[in-house]
Amino acid sequence: MQKWEYLLVDANMYPFGNKLISLYVNGEEQQEWKQGFLHLFINELGDEGWELVALRHDSKYDQNSLIFKRPKVVKKLRKMPDYSAVETATKQTKEIPAVETAATQTKSTSVD
């Protein structure tokens, strides 16, 4: 089943123009967009995969409320294998003494 994520944008505009007085995204003010243009902001959201699904305009205050949505990326986490049995077996294994090989047993011989 497709899941969605949503973005709520409130944009206060100057009368008779497209310049922003303020812009809020999910309740947080976007200072860098003050005096910016709403259409440019909306285009950036489109580039990020957001689709405008609803718009309400309050002409008295020149305020726009916009709702965007995009498909939600659901990350399925794989269940980690249970390594506790391996760890227990490793702790219970006794250390095996090193075996001497022929190479380690070489003796130095001196010629008289």
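All figures in this text were calculated on a predicted structure; none of them were measured in a lab.
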Q.
Using a strict threshold of under 4.0 Å (side-chain N to carboxylate O), is an ion pair present between Arg70 and Glu5?
A.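 Looking at Glu5 and Arg70, the cut-off is met.
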*Would you check if there is a donor-acceptor pair between the side chains of Gln30 and Glu28 at a distance under 3.5 Å?*
no
Quiz item: Would Val73 and Trp4 show up in the same hydrophobic cluster when neighbours are defined by side-chain heavy atoms closer than 4.5 Å?
Solution: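 Shared cluster, no.
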- Tyr24 reachable from Leu40 in the ILVMFWY side-chain graph, under 4.5 Å edges: no
Find out if a path of hydrophobic residues (ILVMFWY) with successive side-chain heavy-atom gaps under 4.5 Å connects Ile21 to Leu23.
->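 In one cluster with Ile21: Leu23, no.
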### Single-linkage hydrophobic cluster, 4.5 Å side-chain cutoff, Ile42 and Trp50 together
yes
* To do: To the nearest 0.5 angstrom, please state how far the OG atom of Ser22 sits from the CE atom of Met13.
  =>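 Nearest 0.5 Å value for the OG-CE distance: 10.0 Å.
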In terms of heavy-atom contacts, Tyr14 and Leu20 come closest through CE1-O, 3.8 Å
Residues Leu7 and Val25: closest non-hydrogen pair is CD1-CG1, 3.4 Å
Separation between CG (Leu55) and CZ (Phe68), nearest 0.5 Å, reads 8.5 Å
Do the side chains of Leu45 and Leu66 join up, straight or via other hydrophobic residues, at under 4.5 Å, putting them in one cluster?
->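 Leu45 and Leu66: one cluster.
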Legend entry - Under 3.5 Å: donor-acceptor pair, side chain of Asp58, backbone of Gln63: no
task: Report the distance from atom NZ of Lys34 to atom NZ of Lys19, rounding to the nearest 0.5 Å.
output: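 Reported to 0.5 Å precision, the distance equals 13.5 Å.
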Taking Asn64's backbone N and O only, do any of them form a donor-acceptor pair with Arg56's side chain (distance below 3.5 Å, no angle check)?
no
Interatomic distance, OH@Tyr6 vs CD@Glu51, rounded to 0.5 Å, equals 10.0 Å
Please report the interatomic distance NZ(Lys69) to NZ(Lys3), rounded to the nearest 0.5 Å.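 So the gap between those two atoms works out to 14.0 Å.
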